There are 2 protein chains.
Amino acid sequence: MQEALLLENQVCFPIYALSRQIIQYYRPMLDELDITYPQYLVMMVLWEHDTQTVNQLGALLKLDSGTLTPLLKRLELKGLIIRKRSKADERVVNISLTPSGRAMKEMACSIPHQMLESMGLSLEEMQQLKQLAEKMLNR
Amino acid sequence: MQEALLLENQVCFPIYALSRQIIQYYRPMLDELDITYPQYLVMMVLWEHDTQTVNQLGALLKLDSGTLTPLLKRLELKGLIIRKRSKADERVVNISLTPSGRAMKEMACSIPHQMLESMGLSLEEMQQLKQLAEKMLNR
DNA sequence: TAAAATTAAATTGTACACAACTTAATTTTA
DNA sequence: TAAAATTAAGTTGTGTACAATTTAATTTTA
């Protein structure tokens, strides 16, 4: 028996499973805002930066236009963002918040704390997990 | 500014991004076997257990029948597995390896080592990451 | 400066993921 | 034991993900 091929011994599987579980934890909170987790990530970037190009969002979230374009169209349909081609460079599409999208920030501000509570790790362990994940990401 | 809503300060985002990055690292190796990462996980369970029900696969991989049924049909089409309703309980579908599916294990046995090398963490850090992820999963 | 190369989004096609529901079989229980 | 409840898979519909390609605009360079 090849020990390395046992599910039990995989490092990647728990990360894959955890990623999906985390999104499940977010769901009830995000359901109230009527957005998905990837949509929440986009909103979070825009709450910080207000206007971003599709490219900039993709670089920050590590998602390509094939994922972002339809996702952003859905956020636009919900009235949370505006998509507008740049005058300066017609290839670029600028994404910005509507007043309604900006207002959602107040409704979202309790989510991070609620999530921390449901995760079941100490702050220290959380920091460790974050650092290890980021170290691998930055390879 | 709500610090807790900064992308920079999220614990969940790096895990979500890392999960997708890991699947990217696997891709070239799995392309040679012509399977996807979730399909590889199913194969890994079957290499260990040979026959499993859809339910058992779902419990181990934390995936539901809505995900597994079509995935298993694709593995069957590739000739790697057989889906067969149980005689004892007609609700149950048993998944087992074909000779070709069993043979794939030899071709896969170098993957875990290759992955370890591309991850950029020490064995110690890897163990830590695995343990933290599992601790959160088992909440 | 006109052709070639590059870039930014969008599009197309395949494969998850999962909620909600359906169907059929088996267990439970009244 | 017949009706009710439960269980196992499958189905339907929506929303990611991402490879590969396309389109249109901008830069580079010959």
Side-chain angles (χ1 to χ4, degrees), chain A residues 13 16-28 30-31 33-43 52-78 80-95, chain B residues 13 16-28 30-31 33-43 52-78 80-95:
Chain A
F13 170 65
Y16 161 74
L18 179 58
S19 171
R20 287 182 293 118
Q21 181 183 283
I22 285 173
I23 292 174
Q24 290 310 97
Y25 280 148
Y26 269 110
R27 194 175 306 274
L30 295 181
D31 275 353
L33 304 181
D34 188 33
I35 56 176
T36 65
Y37 181 67
Q39 289 168 12
Y40 171 67
L41 291 176
V42 168
M43 294 305 288
Q52 291 280 279
T53 68
V54 174
N55 239 12
Q56 288 174 318
L57 286 170
L60 287 167
L61 302 178
K62 295 165 201 303
L63 294 170
D64 71 4
S65 68
T67 301
L68 283 173
T69 296
L71 185 158
L72 293 170
K73 284 182 180 173
R74 284 187 281 272
L75 284 179
E76 188 177 40
L77 257 161
K78 292 181 210 280
L80 297 171
I81 64 163
I82 291 164
R83 297 161 64 243
K84 197 167 151 46
R85 282 211 176 259
S86 159
K87 275 272 170 54
D89 185 339
E90 287 277 352
R91 292 170 305 180
V92 172
V93 170
N94 285 120
I95 309 297
Chain B
F13 171 64
Y16 161 74
L18 179 57
S19 171
R20 288 181 293 119
Q21 182 183 282
I22 284 173
I23 293 174
Q24 290 309 97
Y25 279 148
Y26 270 108
R27 195 174 304 275
L30 296 181
D31 275 352
L33 305 181
D34 188 32
I35 56 177
T36 65
Y37 181 67
Q39 289 168 13
Y40 171 67
L41 291 176
V42 168
M43 294 304 289
Q52 291 280 280
T53 69
V54 174
N55 240 12
Q56 288 173 318
L57 287 170
L60 287 167
L61 302 178
K62 295 166 201 301
L63 293 170
D64 71 4
S65 67
T67 301
L68 282 174
T69 297
L71 185 157
L72 293 169
K73 284 182 180 173
R74 282 186 284 270
L75 284 179
E76 189 177 41
L77 256 162
K78 291 182 212 281
L80 297 171
I81 66 164
I82 291 165
R83 297 161 63 243
K84 198 167 151 45
R85 280 206 179 263
S86 159
K87 276 269 169 57
D89 184 340
E90 286 278 353
R91 291 171 304 181
V92 171
V93 170
N94 285 119
I95 308 297

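Note that the structure is a prediction, hence the values are computed from the model and not measured.
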Quiz item: Should A:Q24 be listed as having a side-chain N or O under 4.0 Å from OP1 or OP2 of C:dA19?
Solution: yes

Quiz item: Start at the 5' end of DNA chain D and walk down; is the nucleotide closest to A:R74 or to A:S86 reached first?
Solution: A:R74

Quiz item: Roughly how far, to the nearest 0.5 Å, is OH of B:Y26 from CG of B:L41?
Solution: 7.5 Å

Practice problem: Kindly point out which of D:dG10, D:dT16, C:dT11 is positioned nearest to the side chain of A:K73? | Solution: C:dT11

Quiz item: Please give, in whole Å, the distance from C:dA9 P to A:L72 CG?
Solution: 10 Å

Quiz prompt | Donor-acceptor pair under 3.5 Å, B:S65 side chain vs D:dG10 base | solution = yes

Quiz item: Taking the side chain as C-beta and beyond, is there a heavy-atom pair between A:V54 and A:L72 under 4.5 Å?
Solution: yes

Practice problem: Identify which nucleotide among D:dC18, C:dC18, D:dG10 has an atom closest to any side-chain atom of B:V93, counting heavy atoms from C-beta outward. | Solution: D:dG10

Quiz item: Does a nitrogen or oxygen in the side chain of A:T36 sit under 4.0 Å from OP1 or OP2 of D:dT14?
Solution: no

Self-check item: B:D64 side chain, from C-beta outward: closest of D:dA19, C:dC16, C:dA19
Solution: C:dA19

Practice problem: Give the nucleotide from the list D:dG10, C:dA8, D:dG15 with an atom nearest to the side chain of A:V92. | Solution: C:dA8

Exercise. Round to a whole Å and report the spacing from CG of B:L68 to P of D:dT12.
Key: 18 Å

Exercise. Whenever both distances are under 3.5 Å in a Watson-Crick or G-U wobble pair, mark it; put DNA chain D into dot-bracket that way, with [ ] for crossing pairs and | when the partner is on another strand.
Key: ||||||||||||||||||||||||||||||

Quiz prompt | First of A:V54 and B:K78 reached from the 5' end of DNA chain C, by closest nucleotide | solution = A:V54

Quiz item: Counting N and O atoms only, with roles assigned by atom type, does the side chain of B:R85 sit under 3.5 Å from a partner on the main chain of B:N94, one being a donor and the other an acceptor?
Solution: no

Practice problem: Measure from the side chain of B:D89, starting at C-beta and using heavy atoms only, and say which of C:dA9, D:dT16, C:dT26 lies closest. | Solution: C:dT26

Quiz item: Are the side chain of B:K62 and the backbone of A:Q21 linked by a donor-acceptor contact shorter than 3.5 Å?
Solution: no

Quiz item: Phosphate oxygens OP1/OP2 of C:dA9: is one of them under 4.0 Å from a side-chain N or O of A:R85?
Solution: no

Practice problem: For A:N55 and A:G58, indicate whether the former's side chain and the latter's backbone hold a donor-acceptor pair under 3.5 Å. | Solution: no

Quiz item: Nearest to the side chain of B:Q39 - C:dC16, D:dG15, C:dA17?
Solution: C:dC16

Self-check item: Nucleotide of C:dC18, C:dA10, D:dC18 approaching A:L63 most closely (side-chain heavy atoms)
Solution: D:dC18

Quiz item: How long is the line joining CD of A:E76 and P of C:dA9, in whole Å?
Solution: 14 Å

Quiz item: Can you tell me how far the CG atom of A:L71 sits from the CD1 atom of A:I35, to the nearest 0.5 Å?
Solution: 10.0 Å

Quiz item: Out of C:dA10, D:dA19, C:dT26, which nucleotide sits closest to the side chain of B:R27?
Solution: D:dA19

Sort me out a list of protein N/O and nucleotides 3-7 of chain D N/O pairs below 3.5 Å, or just none if empty.
unit_1, atom_1, unit_2, atom_2, d
D:dT7, O2, B:R91, NH1, 3.0

Quiz item: In Å and rounded to the nearest 0.5 Å, what is the NZ to CD1 distance from A:K73 to A:I81?
Solution: 11.5 Å

Exercise. Quickly work out the A:Y25 OH to C:dA19 P distance and round it to whole Å.
Key: 14 Å

Quiz item: Given D:dT26, D:dT16, C:dC16, which nucleotide is nearest the side-chain atoms of A:Y16?
Solution: C:dC16

Self-check item: Main-chain N/O of B:L68 paired to B:S65 side chain as donor or acceptor, under 3.5 Å
Solution: no

Quiz item: Any idea which of D:dA9, D:dC18, C:dA9 is nearest the A:T53 side chain?
Solution: C:dA9

Self-check item: Pairwise side-chain contact, A:T69 with A:V93, heavy-atom cut-off 4.5 Å (strictly under)
Solution: no

Self-check item: B:T69 (side chain) and D:dA9 (base): donor-acceptor pair under 3.5 Å
Solution: no

